[in-house]
Each structure stands twice: as C-alpha cells, then as structure tokens.
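Single-structure report; data block below.
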Amino acid sequence: MSLTLPAPGTVLKALDAIPDPGGAPADYDAVPILIVRSGDLVRAWINVCPHQGRPLCLPSGRTLVSEGRFIVCPFPGASFDLEPGACAGGPAGKSALKPAPIRIENGQVIAA
Ligand code: FES
C-alpha cells in the first residue's frame, strides 16, 4: 500500500463530524486515514492495524475509544494509546500505528 499522505492543507474532515470520544474515516480516498478524538485530543492514523492489516474501525466508521485514551481494534481487540499510537495491549505486540500529521483550523481537521 502506498503511504503517500495528503498534501499539507488538505481538508480531511469537519471536527464536529467525529464522535467524541470516537473516530471517523477522513474524507480522503488515496490513503485510508482514521481521525480519532477524545476531548481536545485529536489524532489521525493510517487506518491499518499492524496486527493483521485490518481497519481500526468498523465498516460503518464506528471507532471504539476506551477510557478516553485507547483506540481498540475491532479485529479482535489490540489497543493503541491515542497519544503516541503505541500498542498498549492485545495481539499487535510492540507495534505502533502510523501517524498522519494534522492540525485543527476553523473547525476542520487539516493535513499538516
Ligand atoms: S487486526 Fe487489529 S487486533 Fe488483529
């Protein structure tokens, strides 16, 4: 899979379209990106679990955030710390998510 990230300035999602806590896929097709939010903390990751390469959200886009800080993979449950993206438990070992740099501007999540 190509990991060419969106060009800086690309609008990825309206912030208020992302459940809090929760996540939603970016409105960007070239690379699967999941934007995850918990309060003021908003991060974006390549939407591929390092365990078996499956998405970190359900097909509906629903994303489980546990305890306000752990993204939980639905296939079947590795957890990743929302701040550094490192695996915090489950079958993904010492792996980590691949970040997609973002910034928030005027209520939009924008590639940085
Ligand atoms: S694919 Fe995510 S825990 Fe298996």
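Once rounded to the nearest 0.5 Å, the distance linking OG of Ser79 with CG of Leu64 reads 10.0 Å. Going from atom CG of Asp27 over to atom CG of Leu12 covers 8.0 Å, rounded to the nearest 0.5 Å. Between the CD1 atom of Ile110 and the OG1 atom of Thr10 there is a distance of 9.0 Å, given to the nearest 0.5 Å. Separating the CG atom in Leu34 from the CD1 atom in Ile71 is a distance of 6.5 Å, to the nearest 0.5 Å. The distance from the SG atom of Cys73 to the CZ atom of Phe80 is 6.5 Å, given to the nearest 0.5 Å. Put simply, NZ on Lys98 and CG on Asn47 are 13.0 Å apart, with the number rounded to the nearest 0.5 Å.
In this structure, the side chains of Trp45 and Ile33 stay at 4.5 Å or more apart for every pair of heavy atoms. In this structure the side chain of Val48 never reaches within 4.5 angstrom of the side chain of Leu97, judged on heavy atoms. Taking 4.5 Å as the limit, every side-chain heavy atom of Thr63 sits out of range of all side-chain heavy atoms of Pro25. Looking only at side-chain heavy atoms (C-beta outward), Val65 and Val72 stay at 4.5 Å or farther from each other.
The pair Arg43-Glu83 meets the salt-bridge criterion, since a charged nitrogen lies less than 4.0 angstrom from a carboxylate oxygen.
The closest donor-acceptor contact from the side chain of Asn106 to the backbone of Gln108 lies at 3.5 Å or more, if one exists at all.
With sequence neighbours left out, the salt bridge (Lys or Arg N to Asp or Glu O under 4.0 Å) criterion links Glu67 to no other residue.
By the 6.0 Å contact criterion, CZ on Arg103 is enclosed, its count of non-hydrogen atoms from other residues, nucleotides or ligands being greater than 12.
Across every non-hydrogen atom of Cys57 and Phe75, the tightest pair is O-CE1, 3.9 Å. In terms of heavy atoms, Ile18 sits closest to Arg37 at O-NH1, 3.2 Å.
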